[in-house]
Structures are given as structure tokens and as C-alpha cells.
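Residue numbers begin at 1 in each chain, while the letters A, B, ... track the order of the sequences.
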There are 2 protein chains.
Amino acid sequence: MESGLTLSSLSRARAASPARKPLSLVAFAKQLGLSPSTVSKAINGRADVNAKTRARVLEAAAAQQFTPDPAGRRLRRQASDTIGFVLSAPQAHFAHPFFLDMLTGIDEALEGTPYQTIIASARSPEREMECFVRLVEQHRVDAVLFARTRRNDPRIAYLLARKVPFVAFGRSESTKAYPCIDIDHTVVGNAGCARFIALGHRRIAQITGPSDLMFTHHQRLGYRQALAHAGIAFDPALQVEDVLTEEGGARAAGVLLGQPNPPTAIVCGHDLMALGVMRMIAQRGLRPGTDVGVIGGDNHPIGALIDPPLTSFTAQTREAGRRMVQMLMASLAGTPAKQLQEVWVPELIVRSSDGPRRPALASEYRIATAKPKRERSIA
Amino acid sequence: MESGLTLSSLSRARAASPARKPLSLVAFAKQLGLSPSTVSKAINGRADVNAKTRARVLEAAAAQQFTPDPAGRRLRRQASDTIGFVLSAPQAHFAHPFFLDMLTGIDEALEGTPYQTIIASARSPEREMECFVRLVEQHRVDAVLFARTRRNDPRIAYLLARKVPFVAFGRSESTKAYPCIDIDHTVVGNAGCARFIALGHRRIAQITGPSDLMFTHHQRLGYRQALAHAGIAFDPALQVEDVLTEEGGARAAGVLLGQPNPPTAIVCGHDLMALGVMRMIAQRGLRPGTDVGVIGGDNHPIGALIDPPLTSFTAQTREAGRRMVQMLMASLAGTPAKQLQEVWVPELIVRSSDGPRRPALASEYRIATAKPKRERSIA
DNA sequence: TATCCTTTCGAAATCGTTTTCGAAAACCGG
DNA sequence: CCGGTTTTCGAAAACGATTTCGAAAGGATA
């Protein structure tokens, strides 16, 4: 059956579904006693149309809910009015609100513009490029948004070479400037580690995702900065990476805790990994947050609900989605890429997993008892 | 700045971004020494083209990566080749993989077809209809997919009246048939409750989402069926509803546990609610899974990670997304709606939250220690 | 071989919009 | 009132594909 879904069967199928024919621009124009060109110009805000005429057109359009058919518009304009948002390997992030949050922000910012978002998901990291190429070469999108940049990101190289407008969530080591917005993850590594130092820890480990991811790379740099600043020698055995999942975090923690001189605190780059870390700590007979401190990285909502509640960092994913769209519009309008680069500084959200255990409200039990009072979020 | 984003500024902006001109069908046809019509027909699988010619065309198209420009195709065909997927009130489901899973399934099934998915998110339940109307009346989509049906769903009425092809995830009380796929949530209520009865419980409560949601309604029916089957009198005070969030679950549990004769077990319609329920049980000084049994409803991945691990039901959201697309294609091809209705039976995933506490692997600690061995999932 | 039917192809119309360019109208200062 | 400038509008030509319909070629039959 799947193979029977040929292009031809699809096209013939369409004929079966009827639908009332909508108002075309020419018909609408005739109604108003104007030419199609004038109506079009009125709607599109061109200068060469009398203010009075324009008002009349817009009023009638609003009254009759008239909107120019996007199909005609697109053909003539040679633009698809469509922005592609690429999900990378969604199966790996199944329980993470990251992409959906970002998508929501994007959709919000696009409200009222003629643009729409199409999503495309890359089956695997290897097939990511494929996804971009298809979107671009088949003229399905005017611009692209995506996240999870890598240090050396072929997608960025491709889009730049192909001159496709885009905004990335995340920096890279590209020598050419491109519009992007990023969270400063050196802060996540640095401030997380520094907090443990301030709490008296000396043997502090870091668990992150794959280091070819730019944000992971930054986290690792930040961690080393904090150590250096405190005069603590960097021990490579304490900095491990694994995949960005709960299991990855657990596995990495197992490696760390199995060492002869295990760490007393672990900073994580990702909250799901932190969850796995906490699970592994418990499995080893230790108490997360008491025997071994844990700090996460991206404020997964589940972090507030577990026990001990996870100390983490603000993420602002939805706001980032919104901002990416604004930057894209600016980019399309000609603003140079150098002016379209923002780095947001995340803030620590202090809960309980990062230090000696505080008396919990219902300390006998295993599920977080209430939202911690000490939580501090950014405005 | 936001208000400066007029249609006109956008359109002029576009001119700024250049791009190599791609191969048009006429140019491609000329290359082959054929007419555009023949090439088009070859590609679209029409009958009146010689097998040899068709092979030659398809080969060349593959070699040169030629694809007919969707814009022209859409204009002529009077179809957008686009399917709308509507997210309802995403902010309420922030941490739930439901929508992203479904989206992934949809995208998978659409691979290789000329269709693409656009997503639209309804700001609030009240503005849901707005979203549908805009999508349809502005010709942005050929068909629509959506989830979370209500008992009496105006979206379904609208789409049926407007003759827009669609597939819903969830049944409703519509008298007219429409294509849909659904999980049988009476099973969630029934089997969950029955399990507690089998474990010896007699005072069993149910916490669900708002009862105007169809799946919630089914859950509530199933719960009463199980009670009736066991000859236990239904106590309305034990069946409460709240919003579909962790907080909602906690609040509802608070109400139940505050009663003079509180329940010894609680079946939930939704895993996030179950999480809140467990939190409230702990907050009341009781042990979830030991003093009060808890069963969830839709296999949120976090359920396997908490302690005690949450007994729940299979959800198969991604598979459902795939199947919805297949059914939509069938519907477009003329298959009557009555043949496009499926109800899938969820299966219990037994972990630990539903019964007397089993010895945990690292019983001192507060985070689940390992994936439970007893977990049983469907094939 | 003539006739008819089938197969295969292409010319031309069409989808609905935007845009260019020219013409008419209105306005202006002298 | 006139020449020149500015506004305002509309006719017509795109944009790139699909589809209808007719014609040519090929095959079969009498």
C-alpha cells in the first residue's frame, strides 16, 4: 500500500474533493470597479495608489474576508512565503520541550505576516544535509531556521554558499558572519562549576553532550575557565561526554563514580542528562544533592518536579524562537549579518540539587514535595 | 519595529536576496527534445506517454535533480499540496512529547509525497476555530490533521460542513462519520481500575482532564464500567477532573486525599497529572505506590525514570501520526469515511507505582534506580 | 491498400497574482 | 490659460506548471 502512493495516484485523487470556489482578485476588483492591478497594489501597500482608494479596497477586503490566493502570489513573486524549520533527529529529544517551545515562539512571531512555517525532520544527523538541500533546491522555502549548531557546521556553509537567508540558534566556528542567536553556554559551564567551588567542592566533574556541538563546546570551555580561575588543576578524567539523553547521562555518571577518586559534584550540560546522572548516583548508593551535587543546563520543566529539585539554568527557548523570526525579517530586509548576532546570558536557577541537602517539606518521600521557594528565574 | 513589518516592506525585502535560477520544466523539456506537456505527463505518471519516453524523462530528472517548481504546480492544480497540523494550546503541554511525536510520525509518512506539513498553533482553546478558518479560507492547506477532540467538537462540524478533508486523532459525538484514529481510552479507565481491584483495593479514585475532551470522557466511562463489573458502588466524590498538567494532578489529589475516607488508589488519565498526584501523595506524608497506588495513562517517557516508576498505558503517538497520513491519502483518493476509522487498544505498561512497594535496587534513594524489569510494552 | 482504432505527442489555454510601463488626470506656478 | 510635473490608474506581460484537445503516427482488420 505504501508503495502505491505514487505521485499520479495522488494527483488524480485531488479531483475527488470538491470545494466552493473562492473570490479571486479579478472578481473582487470588478466588484469594486477597479482594475486588478490597483487592488493588488492597494493591498500590498504600494505607493502609487490614492489613499482614499486604498482605504476603500482594504475595507472591502476586510468585510469580505478577501485574501489574495497565495498560489498566484507565489508564482509571480518567485517566493514561497515559507520558512523551513528543521528538527534534528527528533527521536533523540523525544521528551524535551526544546523544539516545540521554539516552534511555538516562531509561530507567534510569524502571526500577521504572509509567511508560514513548514517543519522538516532529519531522520538522523547524517541525513541532516539532505533535508536542507531538498528544502532549498526544490524551492519549498525562502529561508531556514534551525538549531543545535556544530563547531564546524556543514549546514551553515551550505546555506551561506547557496545564499539562502537563515537564522541559526547557536554560533559556530564559521569564519563568515551569519545571523544567529545563542545562549552563552560558557556561563553554564563556568557558573555551574564556580558555584560548586563556592560551596567548598574541589573535585568537580562535567558531563556534556558530544563536543562537536557548539553549545557543548562552550560548556566545556566555561568549566575549565572556572577551574582555572579557582586555581584547581584540570583533570581530563573528570570531563566526559555522551549522547544527549537520560541514558547518556547515567552512563557518563557511572564512568565518573567508578573512578578511584570520584567527584563530589557534577555539572551537566543538559537537564535530561542530569536526570540520568541523579539516577546513577542513587543507584550507586549515594544521595544526589547531598553526597554528590548536580547542576543541569537548560531548565527542563521536569527539573522542578523531581527530588531533589534540579538546579539549572534558564533557557528562554520560546523567546529565542520569536527573536529568530524578527532577525530573519531584518536579514531579508537587508540588515547585514554582523548586526544580527545576539548572545543571551543564561541565569542560574537555584533549587536543591546543587548543595548539601536542605530539609525537604516531606522528607520521607521520593517525589518532590513542592516548588522550591528559592527558585529564581529571570524576568 | 514589530508594527513596521508590513506586507509591503516584506515584499520589497525579498528582492534583496538573490539566488541562482533553477531549471524550469520548459528548459528541461527542451534539453530532452520533448514538449513540456509530455515531460509533465511523464513525471506525473499519466497514461498517454510511451514507456520508453517516460523512462528517459525520469532518468534525466533524477540525474539532474529536476523537480517541477511547486509554485506553478499549485497554481494550475488549485491545490496547495500542504497539510495543516494544528497544535492546540501548546503552552499547556510544554513538557509533553505528544505533539512532537505525532509531528514526527506525520513527517515520516509524508516523505516522498509532494505534500508538506505546516504547523499552526492555536493561542488558546477559544481561538482554535480561528486557526482552522484561517488555514482553510486562505487556501493554505488541502487538508487538516489535529488531535485532542472534544465530545462536541466545533472543528469537526466546521471541516465537515466546509468539505475539507481531514483526519482527527480522537473520536467525538459527531453524528456524521469522519476519518479518525483513536486510542480506546475506556481501556485506560477500565483496565487501570480493574488492576487496582485485582490488587485488593476497594476505594479507588480517578483523576482526569476536563471531561469535555473525548478521551477523558472515555476514561471516565471505563472507570465506571470497571467498578460496576466488580460490584463496587460508584462514588462521585472519587471522580475528579482538573487541567491536564502536573499542577492539575496535584490539586485534584489534594482534594481526594483531604476527604474523610480517602482513596487507597488513584487511576489517572494523563501521566503529567499522575506525576502531580504522586507529588501530592508524598507531600501528605504518604508513599506513592505503597500507601496509595497510582496508574498513569499515556506513557510519558519520564514515567520510567521517576521513583517509583509509573505504571501507565502505551500511547503509540508516532505510529498514530503515520497512520493518520495514510488515512488522509486514502480519504483523498475517495475511500469513504466509514472505512477510515480505527480504534487502537492501549496496553498496560506495568512498572511499580500501581501496587505495594517492591524492594528497590537502591532503596535508600529518591531517584529511580533502573528501568524496571517487569516493564512490558506492546510489539 | 483503405479504413478505423489506438497510441503517443505537442500547441495552446489556463490557474491568480504582481509588476512594468504608459496614459490620463490632476495639480502647479507663472 | 499653458507647459510641465506629479498622482493615480489600468492594460498587458510575465511567473511555471498542468490539462485539454487535436493531430500524427503506428497497428490491426477487412
Side-chain angles (χ1 to χ4, degrees), chain A residues 7-15 19 21-57 61 66-81 114 137-140 142, chain B residues 7-15 19 21-57 61 66-81 114 137-140 142:
Chain A
L7 244 172
S8 63
S9 76
L10 285 175
S11 47
R12 249 165 284 127
R14 204 88 38 112
K21 202 167 170 186
L23 199 55
S24 84
L25 189 140
V26 288
F28 179 64
K30 188 171 295 180
Q31 236 181 66
L32 290 172
L34 290 170
S35 79
S37 14
T38 306
V39 172
S40 171
K41 286 187 282 192
I43 290 178
N44 289 301
R46 306 235 84 124
D48 62 342
V49 43
N50 189 314
K52 222 161 195 165
T53 314
R54 183 194 311 280
R56 193 159 66 95
V57 171
F66 171 78
T67 324
D69 187 322
R73 173 188 170 88
R74 286 173 188 177
L75 179 57
R76 175 61 224 229
R77 277 281 201 57
Q78 293 296 85
S80 60
D81 285 340
E137 306 300 334
Q138 293 186 8
H139 285 264
R140 308 199 90 100
D142 294 343
Chain B
L7 245 169
S8 62
S9 77
L10 285 174
S11 46
R12 247 164 288 131
R14 203 93 34 119
K21 204 169 170 183
L23 198 55
S24 84
L25 188 138
V26 287
F28 179 64
K30 189 171 294 179
Q31 235 179 68
L32 290 172
L34 289 170
S35 79
S37 14
T38 305
V39 172
S40 170
K41 286 187 282 192
I43 290 179
N44 289 300
R46 308 235 80 124
D48 61 343
V49 43
N50 189 314
K52 223 161 194 166
T53 314
R54 183 194 311 279
R56 194 160 64 95
V57 171
F66 171 78
T67 325
D69 188 321
R73 173 189 171 88
R74 288 174 189 178
L75 178 57
R76 176 61 226 230
R77 278 279 202 56
Q78 294 295 86
S80 61
D81 285 340
E137 307 300 335
Q138 293 187 6
H139 285 263
R140 309 198 88 100
D142 293 344

(message) Just to verify, what does A:Thr38 make a side-chain hydrogen bond (donor to acceptor under 3.5 Å, both in side chains) with, not counting sequence neighbours?
(response) A:Ser35

(request) Mind calculating the distance between NZ (A:Lys52) and C1' (C:dA26) to the nearest angstrom? (result) 14 Å

(message) For residues 31-54 of chain B, which residue pairs pass the ring-ring contact (aromatic ring centres under 6.0 Å, His included) check, not counting sequence neighbours?
(response) none

(request) Could you note down all residue pairs passing salt bridge (charged side-chain N to carboxylate O under 4.0 Å, His left out) where residues 24-35 of chain A supplies at least one of them, sequence neighbours left out? (result) none

(message) Tell me the interatomic distance from B:Arg46, atom CZ, to C:dT7, atom P, rounded to whole angstroms.
(response) 16 Å

(request) Mind calculating the distance between CG (B:Asp69) and C1' (D:dA14) to the nearest angstrom? (result) 14 Å

(message) Rounding to an integer number of Å, can you tell me how far B:Gln78 CD sits from D:dG16 P?
(response) 18 Å

(request) Write down the distance between CG (B:Leu75) and P (D:dG16), rounded to a whole number of angstrom. (result) 12 Å

(request) Output all residues satisfying side chain to side chain contact (heavy atoms under 4.5 Å, CB included) with B:Arg54, sequence neighbours left out; order by chain, then residue number. (result) B:Ala42, B:Val49, B:Leu58

(request) Please list, chain by chain and in numerical order, all residues satisfying side-chain hydrogen bond (donor to acceptor under 3.5 Å, both in side chains) with B:Asp48, sequence neighbours excluded. (result) B:Lys41

(message) Considering only residues two or more places apart or on different chains, which pairs with a residue in residues 29-52 of chain B satisfy ring-ring contact (aromatic ring centres under 6.0 Å, His included)?
(response) none

(request) Give a yes/no answer on whether the side chain of A:Arg77 brings an N or O atom under 4.0 Å of OP1 or OP2 in C:dT19. (result) yes

(message) Going by the rule side-chain hydrogen bond (donor to acceptor under 3.5 Å, both in side chains), which residues pair with A:Arg140 if we only count those two or more places apart in sequence or in a different chain?
(response) A:Gln138

N/O contacts under 3.5 Å, protein versus nucleotides 8-10 of chain D?
| from | atom 1 | to | atom 2 | distance (Å) |
| --- | --- | --- | --- | --- |
| D:dC9 | OP1 | A:Thr53 | OG1 | 2.6 |
| D:dC9 | OP2 | A:Asn50 | N | 2.7 |
| D:dC9 | OP2 | A:Thr53 | OG1 | 3.4 |
| D:dC9 | N4 | A:Asp48 | OD2 | 3.3 |
| D:dG10 | OP2 | A:Ser35 | N | 3.0 |
| D:dG10 | OP2 | A:Ser35 | OG | 3.2 |
| D:dG10 | OP2 | A:Thr38 | OG1 | 2.7 |
| D:dG10 | O6 | A:Lys41 | NZ | 2.6 |

(request) Classify the side chain of A:Arg76 and the base of C:dT17 as holding, or not holding, a donor-acceptor pair under 3.5 Å. (result) no

(message) Using five pairs at each end of the helix from C:dT1-D:dA30 to C:dG30-D:dC1 to define an axis, what is the angle between those two axes, to 10°?
(response) 40°

(message) Under 4.0 Å from OP1 or OP2 of D:dG16: is there any side-chain N or O of B:Arg73 that close?
(response) no

(request) Verify, without hydrogens or angle tests, whether B:Arg74 (side chain) and A:Pro70 (backbone) share a donor-acceptor contact under 3.5 angstrom. (result) no

(request) Could you tell me the separation between the CD atom of B:Gln138 and the C1' atom of C:dG16, rounded to a whole number of Å? (result) 15 Å

(request) Specify the separation, in whole Å, of atom CZ of A:Arg74 and atom C1' of D:dA17. (result) 15 Å

(request) For the pair B:Asp69 (side chain) and B:Ala71 (backbone), establish whether a donor and an acceptor sit closer than 3.5 Å, ignoring hydrogens and angles. (result) yes

